[in-house]
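This report concerns only the one structure given below.
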Amino acid sequence: MNKTCSIRLLLSGIIITAAVSLCLGFWAGTRKNWDAYEQRIALLEQKNQTLISRQKELEKENATESLNVIVPYAYVLLPEDGFVAVYQADRETLYATTGILLENLPDNLQEEIQDGKIIDSEEQLYNFLENYSS
(Lines give C-alpha, C1' and ligand atoms only; values in the text may rest on other atoms or scores of the structure.)
Protein backbone atom coordinates (compact mmCIF):
# COMPACT_ATOMS: atom_id res chain seq x y z
CA MET A 1 0.00 0.00 0.00
CA ASN A 2 2.86 2.27 0.63
CA LYS A 3 3.92 2.01 -2.96
CA THR A 4 0.36 2.65 -4.12
CA CYS A 5 0.12 5.79 -2.01
CA SER A 6 3.48 6.98 -3.21
CA ILE A 7 2.53 6.41 -6.82
CA ARG A 8 -0.75 8.23 -6.24
CA LEU A 9 1.05 11.13 -4.59
CA LEU A 10 3.59 11.23 -7.41
CA LEU A 11 0.89 11.20 -10.09
CA SER A 12 -1.13 13.80 -8.20
CA GLY A 13 1.96 15.98 -7.89
CA ILE A 14 2.68 15.63 -11.61
CA ILE A 15 -0.92 16.47 -12.52
CA ILE A 16 -1.00 19.46 -10.17
CA THR A 17 2.37 20.69 -11.44
CA ALA A 18 1.22 20.30 -15.03
CA ALA A 19 -2.04 22.12 -14.28
CA VAL A 20 -0.22 24.98 -12.51
CA SER A 21 2.32 25.18 -15.34
CA LEU A 22 -0.45 25.33 -17.92
CA CYS A 23 -2.26 28.04 -15.97
CA LEU A 24 0.93 30.09 -15.54
CA GLY A 25 1.78 29.69 -19.23
CA PHE A 26 -1.72 30.70 -20.25
CA TRP A 27 -1.61 33.71 -17.91
CA ALA A 28 1.83 34.80 -19.18
CA GLY A 29 0.75 34.45 -22.83
CA THR A 30 -2.47 36.32 -22.17
CA ARG A 31 -0.57 39.09 -20.39
CA LYS A 32 1.84 39.41 -23.32
CA ASN A 33 -1.06 39.55 -25.78
CA TRP A 34 -2.87 42.06 -23.55
CA ASP A 35 0.15 44.40 -23.58
CA ALA A 36 0.35 44.17 -27.38
CA TYR A 37 -3.41 44.81 -27.55
CA GLU A 38 -3.09 47.94 -25.38
CA GLN A 39 -0.21 49.23 -27.51
CA ARG A 40 -2.26 48.69 -30.65
CA ILE A 41 -5.23 50.54 -29.13
CA ALA A 42 -2.98 53.47 -28.21
CA LEU A 43 -1.58 53.57 -31.76
CA LEU A 44 -5.08 53.45 -33.29
CA GLU A 45 -6.28 56.24 -30.99
CA GLN A 46 -3.32 58.37 -32.09
CA LYS A 47 -4.08 57.73 -35.78
CA ASN A 48 -7.74 58.48 -35.15
CA GLN A 49 -6.86 61.84 -33.58
CA THR A 50 -4.64 62.66 -36.57
CA LEU A 51 -7.43 61.80 -39.00
CA ILE A 52 -9.95 63.87 -37.03
CA SER A 53 -7.64 66.89 -37.04
CA ARG A 54 -7.08 66.52 -40.81
CA GLN A 55 -10.83 66.26 -41.36
CA LYS A 56 -11.40 69.45 -39.35
CA GLU A 57 -8.75 71.25 -41.42
CA LEU A 58 -10.42 70.11 -44.65
CA GLU A 59 -13.81 71.24 -43.35
CA LYS A 60 -12.34 74.67 -42.56
CA GLU A 61 -10.84 74.88 -46.06
CA ASN A 62 -14.14 73.85 -47.64
CA ALA A 63 -15.99 76.39 -45.53
CA THR A 64 -13.54 79.08 -46.62
CA GLU A 65 -13.89 78.05 -50.27
CA SER A 66 -17.67 78.09 -50.03
CA LEU A 67 -17.49 81.68 -48.78
CA ASN A 68 -15.72 82.67 -51.99
CA VAL A 69 -18.88 82.34 -54.02
CA ILE A 70 -18.71 83.89 -57.45
CA VAL A 71 -21.60 86.23 -57.96
CA PRO A 72 -22.84 85.94 -61.53
CA TYR A 73 -23.39 89.09 -63.49
CA ALA A 74 -26.94 90.27 -63.88
CA TYR A 75 -27.13 92.14 -67.20
CA VAL A 76 -25.44 92.39 -70.58
CA LEU A 77 -25.47 95.46 -72.82
CA LEU A 78 -25.74 94.54 -76.49
CA PRO A 79 -26.31 96.56 -79.67
CA GLU A 80 -29.76 96.37 -81.24
CA ASP A 81 -30.73 98.37 -84.33
CA GLY A 82 -28.10 101.02 -83.57
CA PHE A 83 -29.23 101.43 -79.96
CA VAL A 84 -28.03 99.92 -76.69
CA ALA A 85 -30.29 97.15 -75.37
CA VAL A 86 -30.16 95.61 -71.91
CA TYR A 87 -30.45 91.83 -71.75
CA GLN A 88 -30.44 89.52 -68.75
CA ALA A 89 -27.38 87.35 -68.15
CA ASP A 90 -28.61 84.64 -70.53
CA ARG A 91 -28.21 87.14 -73.43
CA GLU A 92 -31.61 86.08 -74.77
CA THR A 93 -34.13 87.68 -72.44
CA LEU A 94 -34.57 91.38 -73.22
CA TYR A 95 -34.67 93.40 -70.00
CA ALA A 96 -35.02 96.89 -71.46
CA THR A 97 -34.44 98.96 -74.56
CA THR A 98 -32.75 102.33 -74.31
CA GLY A 99 -32.69 105.46 -76.36
CA ILE A 100 -28.89 105.51 -76.25
CA LEU A 101 -27.43 105.55 -79.75
CA LEU A 102 -24.41 103.32 -80.06
CA GLU A 103 -22.62 105.78 -82.34
CA ASN A 104 -22.79 108.52 -79.66
CA LEU A 105 -20.72 106.47 -77.22
CA PRO A 106 -16.91 106.48 -76.97
CA ASP A 107 -15.17 104.00 -79.30
CA ASN A 108 -13.88 101.75 -76.51
CA LEU A 109 -17.37 101.56 -74.98
CA GLN A 110 -18.86 100.78 -78.40
CA GLU A 111 -16.44 97.85 -78.73
CA GLU A 112 -17.35 96.58 -75.26
CA ILE A 113 -21.05 96.71 -76.11
CA GLN A 114 -20.42 94.93 -79.43
CA ASP A 115 -18.80 92.10 -77.44
CA GLY A 116 -21.47 92.26 -74.73
CA LYS A 117 -20.66 94.62 -71.86
CA ILE A 118 -21.32 92.90 -68.57
CA ILE A 119 -23.11 94.80 -65.83
CA ASP A 120 -22.92 93.16 -62.39
CA SER A 121 -25.84 94.77 -60.59
CA GLU A 122 -28.96 96.81 -61.06
CA GLU A 123 -27.22 99.76 -59.42
CA GLN A 124 -24.41 99.67 -62.00
CA LEU A 125 -26.98 99.40 -64.77
CA TYR A 126 -28.86 102.49 -63.60
CA ASN A 127 -25.58 104.40 -63.18
CA PHE A 128 -24.63 103.53 -66.77
CA LEU A 129 -28.05 104.52 -68.11
CA GLU A 130 -27.99 107.75 -66.11
CA ASN A 131 -24.53 108.68 -67.40
CA TYR A 132 -25.21 108.00 -71.10
CA SER A 133 -28.88 108.95 -71.47
CA SER A 134 -30.03 112.36 -72.76
Side-chain angles (χ1 to χ4, degrees):
M1 263 223 227
N2 250 347
K3 274 188 164 179
T4 307
C5 281
S6 298
I7 292 175
R8 284 182 187 164
L9 282 175
L10 179 65
L11 286 175
S12 297
I14 291 172
I15 290 172
I16 290 172
T17 305
V20 169
S21 296
L22 284 173
C23 287
L24 286 175
F26 179 75
W27 180 79
T30 303
R31 185 66 197 159
K32 183 178 179 183
N33 287 341
W34 185 256
D35 290 341
Y37 176 73
E38 287 178 341
Q39 289 175 350
R40 186 171 177 153
I41 287 176
L43 180 64
L44 289 173
E45 285 176 347
Q46 184 181 18
K47 286 182 179 181
N48 193 28
Q49 290 299 325
T50 304
L51 290 173
I52 288 172
S53 65
R54 285 183 188 168
Q55 183 179 7
K56 287 180 181 179
E57 289 174 9
L58 287 173
E59 287 173 356
K60 285 180 185 178
E61 288 176 12
N62 290 340
T64 304
E65 288 176 6
S66 68
L67 293 176
N68 298 332
V69 176
I70 298 172
V71 178
Y73 56 90
Y75 305 101
V76 179
L77 300 179
L78 293 167
E80 187 172 292
D81 297 329
F83 291 92
V84 176
V86 181
Y87 284 84
Q88 291 184 356
D90 63 5
R91 293 178 177 242
E92 294 178 7
T93 308
L94 181 64
Y95 179 74
T97 55
T98 68
I100 302 171
L101 281 169
L102 193 60
E103 63 186 30
N104 291 343
L105 297 174
D107 291 337
N108 61 344
L109 189 55
Q110 286 182 31
E111 289 175 19
E112 283 183 58
I113 292 173
Q114 291 290 342
D115 295 335
K117 179 170 176 57
I118 294 173
I119 304 291
D120 293 325
S121 66
E122 199 168 312
E123 182 181 344
Q124 286 181 350
L125 174 64
Y126 287 118
N127 284 339
F128 174 84
L129 295 175
E130 198 173 272
N131 287 334
Y132 291 103
S133 293
S134 69

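All values below were derived from every heavy atom in this structure, side-chain atoms included, with hydrogens, water molecules and symmetry-related copies excluded.
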Partner of I119 under side chain to side chain contact (heavy atoms under 4.5 Å, CB included), chosen from L129, V76, L77: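 Checked L129, V76, L77 against I119; only one passes side chain to side chain contact (heavy atoms under 4.5 Å, CB included): L77.
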Using the test salt bridge (charged side-chain N to carboxylate O under 4.0 Å, His left out), find all partners of E112 that sit at least two apart in sequence or belong to another chain.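 E112 satisfies salt bridge (charged side-chain N to carboxylate O under 4.0 Å, His left out) with K117 once adjacent residues are dropped.
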Hydrophobic cluster membership, with links at side-chain heavy-atom distances under 4.5 Å among I/L/V/M/F/W/Y: are L78 and L101 in one?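 No, separate clusters.
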Distance (rounded to the nearest 0.5 Å) between [X] [atom1] and [Y] [atom2]:
| X | Y | atom1 | atom2 | result |
| --- | --- | --- | --- | --- |
| N104 | L109 | CG | CG | 11.5 Å |
| T17 | L22 | OG1 | CG | 11.0 Å |
| I52 | K47 | CD1 | NZ | 14.5 Å |
| L51 | L58 | CG | CG | 10.5 Å |
| I16 | S21 | CD1 | OG | 11.5 Å |
| E111 | D115 | CD | CG | 7.5 Å |

Pairwise ring pair (Phe, Tyr, Trp, His ring centres under 6.0 Å) hits with a residue in residues 85-121, at least two apart: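 Residue pairs passing ring pair (Phe, Tyr, Trp, His ring centres under 6.0 Å), neighbours aside: Y75-Y95.
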Flag the pair [X] / [Y] as yes when at least one side-chain heavy-atom distance between them is below 4.5 Å, and no otherwise.
| X | Y | value |
| --- | --- | --- |
| Y132 | T98 | no |
| F128 | V86 | no |
| L102 | F83 | no |

Taking every non-hydrogen atom, the tightest pair across G116 and R91: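 Where G116 meets R91 most closely, the heavy atoms are O-NH2, 3.7 Å.
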Please give me the minimum heavy-atom distance between L94 and E80, naming the atom from each residue.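 Result for this residue pair: CD1-OE1, 4.4 Å.
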Return yes if some donor-acceptor pair links the side-chain N/O of N131 with the main-chain N/O of N127 below 3.5 Å, else return no.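 Indeed, once roles are kept as given, a pair shorter than 3.5 Å links the two residues.
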Would you say CG of D81 has more than 12 non-hydrogen atoms from neighbouring residues, nucleotides or ligands within 6.0 angstrom?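 It does not: D81 CG has 12 such atoms or fewer within range.
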